[in-house]
Amino acid sequence: MASTAHLDTAPSRPGRLLLVAALAVLLLVSVIAAGLDDSSRDTPAGTPQPVPDRLAATIAQAQERLRRVPGDAGTWAALGSAYVEQARVSGNPAYYAQAQGALDRSTQLQPTGNAAAAVGLGALANARHDFTGARGFAEQALALNPFSMEANGVLADAATQLGDTTAATAAVQRMLELRPGVAAFTRASYELELHGRVDEARVALERALGAATSRDELAFCQYYLGELAWGGGGVEQARAHYERGLAAAPGDPALLHGRAKVLAAAGRVDEAITAYDRLTQRVPLPQYLLEYGELLESAGRLPDALSQYRLLGEQQRLYAAQGSADDVTAALLAADHGDPAEAVRLAEAEWSRRQSIFSAEALAWALHAAGRDAEALPLIEQAGALGRRDATVDYRRGMILARLGPARTGEAIAALDEALATNPHFSPLHASIARRTLETLRGAG
Amino acid sequence: MIRWIRRLGALLALCTAALALGPAGSAAAHPLGNFTVNHYDGLRLHADRVELLAVVDHAEIPTLQQPRLDTDSDGAISAGEAGRRAGMECAEVAAGVVVTVDGSPLAWSVQGAELTLPPGEAGLATTRVECRLTAPAALAEPATVVITDGYLADRIGWREITAVGDGVRLAGSEIPVASVSQELRSYPGDLLTDPLDVRAATLQVEPGAAQSGTGGGGSGPTAAVSAVGRWFGQLDAWFTRLVGQDDLTAEVGVLAVLLAVVLGASHAMLPGHGKTVIAAYLTGRRGTRRDALLVGATVTATHTASVLGLGLVISVSATLAPEGVLSGLGVLSGLLVAGIGAKLLASACRAWRAGSTVESPRILVAVGHGRGHGHGHGHGHGHGHRHGHARFGRGALVGLGVAGGLVPSPTALLVLLGAIGLGRTWFGVGLVLGYGLGMAATLTAAGLLLLGLRDRLDRVQLSDRLRRRAARLAAATPVLTALLVFVVGLGLAVRGLTGL
């Protein structure tokens with residue numbers, strides 16, 4: 001009888017047992033993989049919807065877990081990293097203190113072999129302009145886990161700011177190999193842009209946009225697409241990107257800044273001033289305050305401009321008292337609107353800490369303000385050495401060359417022309433200075 | 001224009017503002033950053049009026065951004081200058097903070113306005129404005145009071161609302177009675193709480209003599225407490241006491257493992273659990289003691305592997321949603337049962353066509369843990385009792401065992417995750433193994449007990465009529481039995497899929 005035979009032969013069929021077990025393991029693995037890939041089952045299949053506040057959800061989940069399992073070093077590290085990101089997205093610096101606390105707790109619980117905490121501390125150090133520290137943390141994390149995309153991201157950011165282009169490029173390349181997503185593509189785009197490869201940079205950003213799944217990622221990508229268009233003088237394109245970004249993340253300070261810049265470029269000065277006013281009331285970053293002051297100055301409102309510069313000066317003093325070292329901003333402020341000697345002192349301090357294209361540019365400009373243009377020239381050339389097309393760098397090179405006598409006049413005109421050709425709206429104040437200088441140079445020639 | 005901050009953009013620049021918040025934490029630094037504007041609204045509800053203490057705390061940079069306080073430029077801020085500014089700001093606060101009683105807004109009058117300049121960092125001042133507002137309101141009858149703070153709504157900072165009733169009672173309020181920041185004087189540094197950002201609240205006011213608050217927490221994200229969360233919550237105390245002890249001695253370790261064995265045994269004993277039912281099914285197969293051991297071992301091995309695997313994955317990823325994995329496992333378990341059901345159905349149909357009549361063993365249909373496991377232990381499994389005959393190979397037995405053990409038990413998962421969190425991974429693995437051993441013991445014991453019971457029942461003499469009826473029924477049921485196994489399996493899979 002068939003059934004009896006079945007019964008009798010069943011125990012002698014280990015193959016079937018193995019098959020069942022193998023099937024179960026296979027399914028188990030795929031279920032877990034599916035859970036990792038997409039933990040939101042609510043999303044209709046095939047139509048990826050932007051998740052509005054995935055970051056907030058991650059934070060809430062980690063907080064909830066840590067209330068139950070307060071000794072979980074890994075989740076403390078993940079929470080700390082999420083707080084760093086939340087500080088950037090929300091513009092609320094209170095999250096940095098939270099991040100530091102959470103990461104310290106993680107390190108305390110697991111002092112050795114804690115790669116996740118090292119990554120978080122690195123991101124926090126980058127956020128606080130401590131790029132050397134950030135690189136240390138990134139290297140520490142990579143020694144523990146060479147395949148950490150996040151650690152490579154921290155390393156890429158730090159190395160870029162420290163002027164170590166080779167290391168930055170290598171780190172970005174590893175990111176692209178490990179996980180070609182938003183983080184990798186946006187960084188790759190910046191690398192390409194710094195090397196003057198604008199078209200490839202745009203392609204990379206478009207791929208990042210394609211990989212973006214949450215609203216903050218969409219806004220992030222649109223912002224950088226806007227910045228890229230803006231850098232090349234594409235005001236209308238930049239406007240479109242900023243507005244698309246704002247549609248995804250209304251109130252994002254970086255995108256509101258983009259909108260204000262575009263208004264100024266379009267000649268809608270009063271609206272631009274209102275936009276800058278609201279932006280700087282809400283998020284008074286040094287960069288925004290300086291641009292706001294220069295916009296007011298270019299509109300002929302010098303007393304208002306001076307009060308912005310004063311505020312910026314007080315802010316720099318505040319940061320200095322706190323041990324921060326944003327000497328690049330301070331140096332540029334002093335060079336254009338204050339004491340050139342002070343500018344040189346600040347820029348030299350920055351240069352002694354890190355020889356990046358950014359600190360080279362600041363020192364060159366400070367030396368120019370102090371009348372030391374011969375010393376400034378090699379530095380500003382170094383600032384543009386990677387091949388990036390940046391109107392401000394070209395403008396500064398032109399202004400330095402213009403002071404170096406008639407022999408360099410031709411080069412000065414070429415540099416200033418180049419600046420205005422790249423982005424005629426690079427600064428409401430300095431673009432008009434560039435035009436006036438060009439007239440003078442041409443008149444003299 | 002400044003171009004040196006591009007990709008890192010706001011991220012980099014913003015944070016210089018946060019440097020005050022460094023680990024060493026300079027005492028004078030504004031705890032919430034130098035550019036925040038922080039609000040506190042303290043409501044006091046009386047039967048005839050609403051009083052509001054509104055505090056606005058401007059950090060150093062917003063203080064600098066305001067128009068100069070020293071309007072006569074004599075180098076000092078006179079009481080008159082401070083008073084005028086306080087009055088202006090309180091008028092704006094009165095316009096910005098809207099309180100409605102049953103939909104109609106109250107008209108504030110400013111009773112007091114005070115401005116102080118607490119010292120901040122780097123010799124800079126901060127600005128603290130306190131406004132005392134009052135408005136007549138008819139709260140002697142039950143009413144709904146809604147507060148919305150729209151003053152300087154776009155500024156970043158701490159936002160807090162409290163409410164107390166004075167002569168009226170507050171019911172169903174989600175906001176607290178007391179200020180956790182002591183009215184913006186001391187910001188709490190709880191690492192697991194987001195900076196407070198409460199801008200609106202709804203209060204139900206009822207007449208009542210005594211002042212009564214509502215004592216709501218009113219802070220932090222109100223994330224829905226998940227099912228998995230409940231599991232953890234239930235056993236957290238037990239676990240942290242035992243496994244989290246700083247001095248984990250050998251005695252405590254052994255005690256913990258023994259406790260895990262007991263917990264595992266009692267887990268397998270819980271009613272409605274598929275594992276026990278599978279053990280019971282043994283009797284239907286005219287099972288032997290070896291079969292009882294086999295099923296016990298299979299369920300336990302699968303369960304232990306499942307807990308270890310899931311625990312490992314969850315511990316390396318805080319973003320993984322355990323619910324998603326668990327419901328996936330529920331589906332898997334259901335499909336496994338359905339697959340076995342389909343196979344049984346095929347062989348039962350063959351037997352039916354062959355017209356075979358065999359003495360009918362009892363079959364207790366087995367089902368695995370449903371997904372519902374994750375949602376409390378009270379659910380009933382859809383197992384039915386059928387008498388019929390079907391021939392299951394050991395493959396089917398093992399398959400059902402796998403289905404029964406696939407969805408991890410919350411206790412075991414908690415034990416493992418907690419131990420991993422505390423850096424005692426091996427201890428956690430030991431506890432899970434102990435838990436599995438306990439389960440195996442219960443399941444095997446249940447199987448053996450049922451075997452004994454069946455043998456005893458077999459010895460009971462049944463009447464001939466009953467025996468014939470049973471035989472007729474038995475001839476008709478194998479297909480139905482197999483079908484039922486199949487349908488129950490599909491049902492479990494669908495339940496896991498839809499998250500019911």
Residue among B:Thr298, B:Ile61, B:Thr302 with most heavy-atom pairs under 4.5 Å to chain A: B:Ile61

Residue part contacting chain B, namely of A:Tyr83, when any heavy atom lies under 4.5 Å: side chain

Please flag which part of A:Arg105 lies under 4.5 Å from any non-hydrogen atom of chain B: side chain, backbone, both or neither. side chain

If you define the side chain from C-beta out and look only at heavy atoms, does anything of A:Gln281 sit under 4.5 Å from B:Leu152? no

Under 3.5 Å donor-acceptor, B:Gln65 side chain and A:Leu311 backbone: no

Which bit of A:Ser307 comes within less than 4.5 Å of chain B, counting heavy atoms only: side chain, backbone, both or neither? neither

Under a 4.5 Å heavy-atom cut-off, does chain B meet the side chain of A:Leu66, its backbone, both or neither? both

Heavy-atom closest contact (A:Arg278 atom, B:Asp154 atom, distance): NH2-OD2, 3.8 Å

Please evaluate residues A:Arg317 and B:Leu124 with respect to the criterion side chain to side chain contact (heavy atoms under 4.5 Å, CB included), reporting the C-alpha separation (whole Å), side-chain torsions for both, the decisive distance (0.1 Å), and the verdict. CA-CA 10 Å; A:Arg317 211 165 57 75; B:Leu124 297 172; 3.6 Å; yes

Value rounded to 0.5 Å, distance of CG in B:Leu192 from CZ in A:Arg65: 12.5 Å

Between A:Leu194, A:Asp130, A:Thr280, which residue shows the highest count of heavy-atom pairs closer than 4.5 Å to chain B? A:Thr280

